[in-house]
Amino acid sequence: MELIEAIITRRSVRKYKLDQIPDQTIRELLETAVWAPNGMNRQPWVFAVVQDRDLLRRISEKAKGRMLDRVKNSPALGRYNNLMADPNFDVFYGAPTLVLIYGSTDAMTFKYDCSMVALTLMLAAWDRGIGSCWVGFAQYACDTPGIKMELDVPEEYELVAPIILGYPEHPPGKNGRKEPRIVSWVK
């Protein structure tokens, strides 16, 4: 797949086959992802890979509970109330792999750097026919001291990108994009 094609056709996948991604493939994807641009070549990221179904379920339940607490205090998040209260809803959409990208808070640009690693990971995965989705709901569970301790994530690292990976159950849909909104072009 050509780079432009990968950029234009990659979509967030929310329905996955049960097939697990081989360990070697995950390693190759991470080895590719770390070539992302980053501030002063600090490379402030660490990865935690979760493929254990029980742990994924526990994290999903924790994320839903924490999100429900946030919904109570924020009317803008009210639209998620029913979804988070649904006992059958899995914040990871049945994906077999979760890659958590944490950044060292010692690096001034860690959030940007880890975001670029996440995008590079998602594009590299799509190039191999592996779907992905950045799961914002997981933020509320995976950056807690308990989960970080369970995953051996150093305390000074902060979760930036919870990315699920797996083989899509169906080809992703096609939705367009708006034209670029250029508010200024100074020459």
Side-chain angles (χ1 to χ4, degrees), residues 1 3 6-7 10-14 16-64 66-67 90-168 172:
M1 181 179 304
L3 176 61
I7 292 169
R10 195 217 68 82
R11 297 286 179 274
S12 292
V13 173
R14 292 183 178 88
Y16 294 90
K17 295 178 182 177
L18 294 176
D19 305 342
Q20 188 53 265
I21 303 166
D23 291 358
Q24 184 59 34
T25 301
I26 298 292
R27 287 184 191 287
E28 290 168 2
L29 291 173
L30 295 176
E31 288 167 2
T32 300
V34 299
W35 286 95
N38 61 97
M40 304 297 291
N41 200 28
R42 294 278 312 270
Q43 303 177 44
W45 44 71
V46 296
F47 303 94
V49 179
V50 180
Q51 294 180 314
D52 179 270
R53 291 275 180 197
D54 288 334
L55 181 54
L56 287 168
R57 183 192 48 73
R58 280 192 300 122
I59 294 172
S60 177
E61 290 304 312
K62 184 174 185 119
K64 291 182 346 183
R66 292 180 66 91
M67 188 67 187
D90 170 15
V91 300
F92 302 122
Y93 303 98
T97 300
L98 169 64
V99 176
L100 299 165
I101 304 170
Y102 292 88
S104 171
T105 56
D106 290 342
M108 184 175 69
T109 58
F110 80 94
K111 288 183 181 180
Y112 312 115
D113 300 338
C114 291
S115 295
M116 287 190 273
V117 162
L119 178 57
T120 304
L121 172 66
M122 291 188 290
L123 288 172
W126 185 235
D127 182 56
R128 291 173 174 237
I130 298 169
S132 64
C133 185
W134 185 315
V135 181
F137 296 137
Q139 191 79 30
Y140 305 114
C142 297
D143 209 28
T144 60
I147 296 293
K148 286 171 66 172
M149 185 180 304
E150 188 169 353
L151 297 175
D152 294 323
V153 176
E155 190 177 313
E156 70 276 9
Y157 281 74
E158 183 178 307
L159 180 64
V160 176
I163 307 294
I164 52 175
L165 298 172
Y167 298 104

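- The ring-ring contact (aromatic ring centres under 6.0 Å, His included) contacts involving residues 90-138 comprise Tyr80-Phe137, Phe89-Tyr93, where partners must be two or more places apart or lie in separate chains.
- Within 6.0 Å of CE in Met108 there are 12 or fewer heavy atoms belonging to other residues, nucleotides or ligands.
- With sequence neighbours left out, Lys17 forms a salt bridge (charged side-chain N to carboxylate O under 4.0 Å, His left out) with no residue at all.
- With sequence neighbours excluded, the residues forming a side chain to side chain contact (heavy atoms under 4.5 Å, CB included) with Asp52 are Asp54, Leu55, listed by chain and number.
- In this structure Pro37 satisfies the side chain to side chain contact (heavy atoms under 4.5 Å, CB included) test together with Met116, sequence neighbours excluded.
- Between Phe47 and Leu121 there is no side-chain heavy-atom pair separated by less than 4.5 Å.
- Contact check for Leu123 versus Ile7: side-chain heavy atoms found under the 4.5 Å cut-off.
- No more than 12 heavy atoms of other residues, nucleotides or ligands lie within 6.0 Å of CZ in Arg27, so this atom counts as exposed by the packing criterion.
- Asp143 contributes a side-chain N or O that, together with a main-chain N or O of Leu159, makes up a donor-acceptor pair within less than 3.5 Å.
- Side-chain contact between Thr120 and Trp35: absent, with no pair of heavy atoms (C-beta onward) separated by less than 4.5 Å.
- Side-chain atoms of Asp127 and Thr32, non-hydrogen and from C-beta on, never get closer than 4.5 Å to each other.
- Shown here are the side chain to side chain contact (heavy atoms under 4.5 Å, CB included) partners of Arg11, two or more places apart in sequence or in another chain: Pro172, Asn175.
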Donor-acceptor pairs under 3.5 angstrom involving side-chain atoms of residues 147-158: please list them, not counting sequence neighbours.
{"unit_1": "Lys148", "atom_1": "NZ", "unit_2": "Glu155", "atom_2": "O", "d": "3.1"}
{"unit_1": "Lys148", "atom_1": "NZ", "unit_2": "Tyr157", "atom_2": "O", "d": "2.4"}
{"unit_1": "Glu150", "atom_1": "OE2", "unit_2": "Arg58", "atom_2": "NH2", "d": "2.6"}

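- In this structure, Ser60 contributes its side chain and Val91 its backbone to a donor-acceptor pair below 3.5 Å.
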